[in-house]
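The structure under discussion appears below in the form of structure tokens.
If you read the sequence from its start, that first residue is 1, and numbering goes on from there. None of these values were measured; they are calculated from a predicted model.
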Amino acid sequence: MSDCLFCKIAGGEIPSNKVYEDELCYAFYDIAPQAPTHFLVIPKAHISSVSAVTPENSAVVAHIFEVIAKLTKDLGLESYRVVSNIGEQAGQTVFHLHFHVLSGRDMTWPPG
Ligand code: AMP
Ligand code: ZN
């Protein structure tokens, strides 16, 4: 999608602090970290949010969770939270599917 911030980051048009990349997904540190470790994992193909996941495009979601399991092991993160905000009321500000991975501090439940 031409006017999407995360499509541009995944395509290398906008710089980011890369954690990991493969043919299907891209992971990079959040510009405004909410925990000592905070990175985002996104599909390279544009999907606007969890609400737009379908049988046709859902394989990348399983792949992203495999990547999260591997990256957190590699980074030595034993406890972490994976979050995806869907819609403005839930706090979504970038309308390209992304999973926040947050770690390194105590977290409360329920989230605010
Ligand atoms: P959300 O608010 O759930 O849609 O998450 C979007 C996230 O993207 C926020 O945590 C932002 O801090 C982060 N963000 C926005 N622009 C950039 C950027 N250029 N590089 C890295 N992270 C970004
Ligand atoms: Zn996009």
Side-chain angles (χ1 to χ4, degrees):
M1 202 182 166
S2 58
D3 198 26
C4 170
L5 174 64
F6 284 1
C7 282
K8 288 179 181 166
I9 286 178
E13 269 180 76
I14 290 179
S16 63
N17 191 359
K18 181 165 90 172
V19 180
Y20 172 85
E21 178 176 17
D22 63 29
E23 67 283 0
L24 292 176
C25 72
Y26 189 85
F28 57 106
Y29 286 105
D30 198 291
I31 203 167
Q34 301 301 310
T37 300
H38 182 181
F39 61 86
L40 305 172
V41 190
I42 66 174
K44 285 190 169 174
H46 183 86
I47 298 172
S48 57
S49 78
V50 168
S51 292
V53 173
T54 65
E56 289 70 39
N57 66 17
S58 65
V60 73
V61 178
H63 178 72
I64 283 173
F65 275 85
E66 287 178 36
V67 166
I68 289 171
K70 180 177 178 348
L71 289 179
T72 50
K73 279 190 193 77
D74 290 351
L75 293 168
L77 307 177
E78 285 178 9
S79 187
Y80 57 91
R81 187 171 286 179
V82 180
V83 176
S84 192
N85 299 319
I86 297 100
E88 283 176 19
Q89 190 177 28
Q92 187 176 9
T93 58
V94 178
F95 289 81
H96 178 126
L97 178 65
H98 52 281
F99 295 93
H100 297 258
V101 179
L102 301 130
S103 185
R105 65 165 170 82
D106 293 339
M107 293 184 197
T108 57
W109 191 264

Are [Y] and [X] connected into the same hydrophobic cluster when the rule is that any two of I, L, V, M, F, W, Y join if their side-chain heavy atoms are below 4.5 Å apart?
{"X": "Ile42", "Y": "Ile64", "result": "no"}
{"X": "Val50", "Y": "Val83", "result": "no"}
{"X": "Val60", "Y": "Val53", "result": "yes"}
{"X": "Val67", "Y": "Leu102", "result": "no"}
{"X": "Leu75", "Y": "Val41", "result": "yes"}

Problem - Sequence neighbours excluded - salt bridge (charged side-chain N to carboxylate O under 4.0 Å, His left out) pairs with any residue from residues 94-103 - result: none
Handout entry: Selection residues 24-52 - residue pairs positive for salt bridge (charged side-chain N to carboxylate O under 4.0 Å, His left out), sequence neighbours left out
Key = Glu21-Lys44
Handout entry: Under the ring-ring contact (aromatic ring centres under 6.0 Å, His included) test, residues paired with Tyr26 that sit two or more places apart
Key =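 ring-ring contact (aromatic ring centres under 6.0 Å, His included) list for Tyr26, sorted by chain: Phe28.
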Handout entry: ring pair (Phe, Tyr, Trp, His ring centres under 6.0 Å) contacts in which one or both residues fall within residues 54-92, not counting sequence neighbours
Key = Phe65-Phe99
Practice task
List for me each residue that meets side-chain hydrogen bond (donor to acceptor under 3.5 Å, both in side chains) alongside Ser103, sequence neighbours excluded, and say none if there are none.
Solution key: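 Here no residue qualifies.
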Practice task
Apply side-chain hydrogen bond (donor to acceptor under 3.5 Å, both in side chains) to Lys8 and list each qualifying residue two or more places apart in sequence or on a separate chain.
Solution key: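 Once residues adjacent in sequence are excluded, Lys8 has no partner under the side-chain hydrogen bond (donor to acceptor under 3.5 Å, both in side chains) criterion.
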Practice task
Kindly write out the residues that satisfy side chain to side chain contact (heavy atoms under 4.5 Å, CB included) with Thr54, not counting sequence neighbours, or none if the list is empty.
Solution key: Glu56, Asn57
Problem - side chain to side chain contact (heavy atoms under 4.5 Å, CB included) partners for Lys70, two or more places apart - result: Asp74
Exercise for the section: Check whether any side-chain heavy atom of Ile14 sits under 4.5 Å from a side-chain heavy atom of Phe6, and report yes or no. Expected result: no
Exercise for the section: Would you indicate whether the side-chain heavy atoms of Tyr20 and Cys25 approach each other to under 4.5 Å? Expected result: yes
Practice task
Could you work out the complete set of other residues in the hydrophobic cluster of Ile31, with links drawn between I, L, V, M, F, W and Y side chains under 4.5 Å apart?
Solution key: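 Members alongside Ile31: none; it stands by itself.
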Between side-chain atoms of residues 89-98 and protein atoms elsewhere (two or more places apart, or another chain), which donor-acceptor pairs fall under 3.5 Å?
from: Gln92; atom 1: OE1; to: Gly87; atom 2: N; distance (Å): 2.8
from: Gln92; atom 1: NE2; to: Ser48; atom 2: O; distance (Å): 3.0
from: Gln92; atom 1: NE2; to: Val94; atom 2: O; distance (Å): 3.1
from: His96; atom 1: ND1; to: His46; atom 2: ND1; distance (Å): 3.3
from: His96; atom 1: NE2; to: Pro43; atom 2: O; distance (Å): 2.8
from: His98; atom 1: ND1; to: His96; atom 2: O; distance (Å): 2.6

When the side chains of residues 104-112 are checked against the rest of the protein, which donor-acceptor pairs come out under 3.5 Å, sequence neighbours left out?
from: Arg105; atom 1: NE; to: Gln34; atom 2: O; distance (Å): 2.9
from: Arg105; atom 1: NH2; to: Gln34; atom 2: O; distance (Å): 2.9

Handout entry: By salt bridge (charged side-chain N to carboxylate O under 4.0 Å, His left out) - contacts of Asp22 (at least two apart)
Key = none
Practice task
Grab the two heavy atoms, one from Val82 and one from Val101, that are nearest each other, plus how far apart they are.
Solution key: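 Result for this residue pair: CG2-CG2, 4.5 Å.
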